[in-house]
Amino acid sequence: QVQPVESGGGLVQPGGSLRLSCAASISVFSLRVMGWYRQAPGKQRELVARISGGSTDYSDSVKGRFTISRDNAKKSVFLQMNSLEPEDTAVYYCNTVPESLNWGQGTQVTVSS
């Protein structure tokens with residue numbers, strides 16, 4: 001089964017920015033609702049952003065700071081993260097919404113001074 005490949009994480013200071021990328025070679029990618037999820041230590045995985053066609057939706061915790069986008073030709077989805085906070089520290093994953101793919105390895109985002 002297809003497993004997404006996430007990249008772009010790293011260590012960043014509070015207030016900084018990162019751009020995450022995800023490649024998912026799935027059929028009819030353009031018709032899929034895609035999402036970014038994150039899992040912080042000791043917490044359940046949560047959906048933070050999703051995109052369906054040109055429509056986007058965000059959790060309250062990231063609204064106004066994160067922007068999800070997609071490139072259907074490249075079967076990729078992106079997450080631009082601005083004004084990062086220590087509370088954003090987590091492993092970030094992409095998957096369909098609801099999730100239907102094997103989970104990838106994710107990409108670690110650490111926000112710390």
Side-chain angles (χ1 to χ4, degrees):
Q1 193 178 16
V2 173
Q3 185 175 64
V5 178
E6 301 93 350
S7 62
L11 172 64
V12 63
Q13 292 186 342
S17 298
L18 284 173
R19 185 174 188 256
L20 307 184
S21 299
C22 169
S25 296
I26 55 179
S27 60
V28 291
F29 176 87
S30 63
L31 300 182
R32 304 289 192 106
V33 180
M34 296 299 298
W36 280 98
Y37 301 75
R38 70 184 181 187
Q39 187 167 22
K43 295 187 177 180
Q44 288 189 330
R45 186 153 34 205
E46 61 171 339
L47 176 66
V48 297
R50 63 181 172 185
I51 184 166
S52 172
S55 177
T56 59
D57 192 28
Y58 303 91
S59 67
D60 288 344
S61 61
V62 308
K63 194 173 297 182
R65 301 187 297 120
F66 291 8
T67 303
I68 188 171
S69 61
R70 65 193 298 162
D71 183 335
N72 290 331
K74 296 182 179 179
K75 296 188 176 182
S76 295
V77 62
F78 309 97
L79 188 67
Q80 177 66 43
M81 307 187 297
N82 298 328
S83 302
L84 283 162
E85 304 169 351
E87 293 74 22
D88 296 317
T89 295
V91 180
Y92 284 71
Y93 306 85
C94 73
N95 210 313
T96 57
V97 180
E99 57 267 29
S100 65
L101 307 175
N102 286 335
W103 291 100
Q105 292 190 332
T107 186
Q108 175 71 49
V109 172
T110 303
V111 185
S112 175
S113 54

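Start at 1 with the first residue, then count along the sequence. Worth knowing before you read on, the calculation uses all heavy atoms, side chains too, and leaves out hydrogens, waters and symmetry mates.
When the ring-ring contact (aromatic ring centres under 6.0 Å, His included) test is applied to Y37, the partners found at least two apart in sequence or on another chain are W103.
Note on L79 and L84: same hydrophobic cluster, where clusters join Ile, Leu, Val, Met, Phe, Trp and Tyr whose side-chain heavy atoms are under 4.5 Å apart, directly or indirectly.
A donor-acceptor pair shorter than 3.5 Å can be found between the side chains of S17 and N82. For the residue pair S112 / T110, no side-chain donor-acceptor distance below 3.5 Å is found, with atom types taken as modelled.
Residues W36 and L20 share a closest heavy-atom pair of CH2-CB, 3.7 Å. Between L47 and S59, the shortest heavy-atom contact is O-CB, 3.9 Å. Annotation for S61 and R38: closest pair OG-NH2, 3.4 Å, computed over non-hydrogen atoms. Pairing each heavy atom of T107 with each of G9, the nearest pair is OG1-N, 2.9 Å. Taking every heavy atom of both residues into account, M34 and A24 meet most closely at CE-CB, 4.4 Å.
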Margin query: One pair to check against side-chain contact (heavy atoms from CB on, under 4.5 Å): F78 and T67. What are the steps and the verdict?
Written below: CA-CA 8 Å; F78 309 97; T67 303; over 6 Å; no

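Annotation: the span from R19 atom CZ to F66 atom CZ amounts to 14.0 Å, rounded to 0.5 Å. The line from OG1 of T96 to CZ of R32 is 6.5 Å long, rounded to the nearest 0.5 Å. One distance of note links CD of Q105 with OG of S7; it measures 12.0 Å at 0.5 Å rounding. Distance check, rounded to the nearest 0.5 Å: OH of Y92 to CE of M81 gives 5.5 Å.
Distance alone, capped at 3.5 Å, is enough to place a donor-acceptor pair between the T89 side chain and the P86 backbone. Side chain of Y58 to backbone of I68: a donor-acceptor contact under 3.5 angstrom is found. Listed for the E6 side chain is a donor-acceptor partner under 3.5 Å among the backbone atoms of C94. A donor-acceptor pair under 3.5 Å links the side-chain atoms of R70 to the main chain of F29, judged by distance alone.
Results of the side chain to side chain contact (heavy atoms under 4.5 Å, CB included) test with V77 over N72, N95, I51 single out I51 as the only residue that passes.
The neighbour count for K74 NZ, taken as heavy atoms of other residues, nucleotides or ligands under 6.0 Å away, does not exceed 12.
In this structure, C22 and V5 have side chains that are not in contact, with every pair of non-hydrogen atoms separated by 4.5 Å or more.
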